[in-house]
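Worksheet: the structure to be examined is printed underneath.
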Amino acid sequence: MNFVEELRWRGMLHDIMPGTEELLNKGMASGYIGFDPTADSLHVGHLTQIMTLIHFQRAGHKPYALVGGATGMVGDPSGKSAERNLLSEDVLQHNLTCVKKQLEQFLNFNSGANSAQMVNNYDWFKNFTFLDFIRDVGKHITVNYMMAKDSVKKRLEGDTGMSFTEFTYQLVQGYDFYYLWKHHNCTLQMGGSDQWGNIVTGTELVRRKEGGEAFALTTQLIKKADGTKFGKTESGAVWLDPARTSPYQFYQFWLNTSDADAKSYIRIFTLLSREVIEAMEAEQDAAPHTRVLQKALAKDITIRVHGETEYEKAIKSSDFLFGNTGIEFLNELNDAEVKGLFEGVPNFNISLEELKAGINATDLLAAKTAVFPSKGEAKKMIQGGGVSINRNKIATADDIFNADNLINGKFLVAQKGKKNYFLIVAE
RNA sequence: GGGGGGAUACCAGAGCGGUCAAAUGGGACGGACUGUAAAUCCGUUGCUUCGGCUACGAAGGUUCGAAUCCUUCUCCCCCCA
């Protein structure tokens, strides 16, 4: 398998430095991608980079996943219009541990010569003094060169300016590349297209410092067909951490991909072969409502990220919540089974005693539970016909609910709109 | 150092003494249609015990009444040096 060819037909390739393909065709090469620990979980936006590393390894090369214990302390100005807040060391350390753990599940760390390897740039920066850095690294790159970068230019032109710290970022990242090149024979750095400038600073450093050769390859930034940002839902980013985004919600996110996007996403986020993908596309074009692509996409990624068992559960929940099964079906399940079905959606507990006395709709949804952030909002949406309990639309905000409404004497199923489910448990 | 302009809801941006919880556009959310798609159309978009309450950078003041006028402060932009 040819790595660059693979990225090309999948539509992932954005830019590649001349000579890179030749280098990779010569035999096993080492390449890396950096991940800055800005949060304690990666999100779906990082998956492109993860997939790039997976392809890289599958093509027989040795992938390095770099976590930015050092760069994370500085803050990458790329694509940011304003200065970033620095994270405290505690937070950073915590994020680092979590991100590292997530990355580990995607690559093969035990495949002989091309085993994946995890590195942390803090390891080579922690004892690097400021003076040494400006003499050994800063000396080789001119400020003129650094200022010509888009990420810097934009900020200099904009209103907010840029601190020296962020200005330095590209040098820090550039040194990472130099270090890996020098000590791990790592000749290629990859990343999203917004990283081109930073990566090239690295290749430049390798060239000027040692006259060596290093290469760069960037991937397309994922966008939705309607131009809006990829990876966001109404409740924010879609995370890989199941505690932040449940496997059910994760599965739903991919299943809801629009037709226009599904064709490109299935190439980017799955390892399915060209033949299989093209066959599925034909199938989908013939019967669009079957959403063959979305289902395959959601299945593949959910399994990769959360595993087979969680995928099965997500399917079961989805089938019930969006299928034709009536709400009565829940009566046939025991409590544990009901809870399992609703595991991926927000759960709330209320007091059975209070419910027996009768609670009106707005209190139930906004005061006793946090289905809505305020009663006003709950009321408005009820009036707009957007809220259901046990699949029945709530007619007025004053509707009273009591123990008679409970399913299995314990549960209420609330819906905000069609897609947002909530389980209310009365105990 | 001198002079000028500005800060309004998630964002952009009107309003320049009462009729302003604040036009308009975008976004977001909901409804209809559909395929849990796209497009389109419609509605909602500060909180509330529905009496009110809090809000137009911050703090004071004038006034029966302020987003609108005055004072001070903070931040931003532009021009001159």
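A, B, ... follow the sequence lines: proteins, then strands. Residue 1 opens every chain.
- Across all their heavy atoms, A:Phe3 and A:Thr52 have their closest contact at CE1-O, 3.5 Å.
- For the residue pair A:Glu354 and A:Ser351, the shortest heavy atom distance occurs at N-OG, 3.1 Å.
- Rounded to the nearest Å, the gap between the P atom of B:A58 and that of B:G52 is 25 Å.
- Within the 3.5 Å criterion, the main-chain N or O of A:Asp40 finds a donor-acceptor partner in the side chain of A:Asn95.
- For A:Lys419, a side-chain nitrogen or oxygen approaches OP1 or OP2 of B:A37 to under 4.0 Å.
- Pairs of Watson-Crick or G-U wobble type, with distances under 3.5 Å, assemble into runs of 3 or more in RNA chain B at these ranges: B:1-7 with B:74-80, B:10-12 with B:24-26, B:27-32 with B:40-45, B:57-61 with B:69-73.
- Against the 90° criterion about 0, the sugar-base torsion of B:G25 places it in the anti range.
- With B:G35, B:U48, B:U36 as the choices, the nucleotide that has an atom nearest any side-chain atom of A:Gln294 turns out to be B:G35.
- The nucleotide whose nearest atom lies closest to any side-chain atom of A:Met381 is, among B:U36, B:C29, B:C47, B:C29.
- Listed pair A:Asn420 / B:G30 meets the phosphate criterion, a side-chain N or O lying under 4.0 Å from OP1 or OP2.
- The phosphate of B:A38 (OP1 or OP2) has no side-chain N or O of A:Ser258 nearer than 4.0 angstrom.
- Residue A:Lys418 places a side-chain atom within donor-acceptor reach of the base of B:U34, judged by atom type and a 3.5 Å distance cut-off alone.
- Aromatic ring pairs are classed by plane angle as parallel below 30°, tilted from 30° to 60° and perpendicular above 60°; the pair A:Phe128 and A:Phe125 is parallel.
- Residue contacts for A:Lys393: at a heavy-atom cut-off of 4.0 Å it reaches the sugar-phosphate backbone alone, with no base atom in range.
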Criterion salt bridge (Lys or Arg N to Asp or Glu O under 4.0 Å) on A:Lys313 and A:Glu310, from CA distance to verdict: CA-CA 5 Å; A:Lys313 283 201 232 167; A:Glu310 291 302 326; 3.5 Å; yes
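- Side-chain contact annotation: A:Thr362 with A:Asn360, donor-acceptor N/O pair under 3.5 Å present.
- Considering only side-chain N and O atoms, A:Thr257 lies nowhere under 4.0 angstrom from the phosphate OP1 or OP2 of B:A37.
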For A:Asp319 and A:Ile315: C-alpha separation, side-chain torsions, deciding distance, then whether side-chain contact (heavy atoms from CB on, under 4.5 Å) applies. CA-CA 6 Å; A:Asp319 282 352; A:Ile315 286 281; 3.6 Å; yes
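- Of the candidate nucleotides B:C47, B:U48, B:G35, B:U48 has the atom lying nearest to any side-chain atom of A:Lys375.
- Between the CD atom of A:Gln383 and the P atom of B:A32 there is a distance of 16 Å, rounded to whole Å.
- Residue A:Thr290 is out of contact with every strand shown, counting any heavy-atom pair closer than 4.0 Å.
- Separating the NZ atom of A:Lys379 from the P atom of B:G46 is a distance of 15 Å, rounded to the nearest angstrom.
- For B:C73 and B:U19, the P atoms lie 32 Å apart once the distance is rounded to whole Å.
- Going from the C1' atom of B:C56 to that of B:A23 covers 14 Å, rounded to whole Å.
- Residue A:Gln252 is in base contact, counting any heavy-atom pair closer than 4.0 Å across all strands shown.
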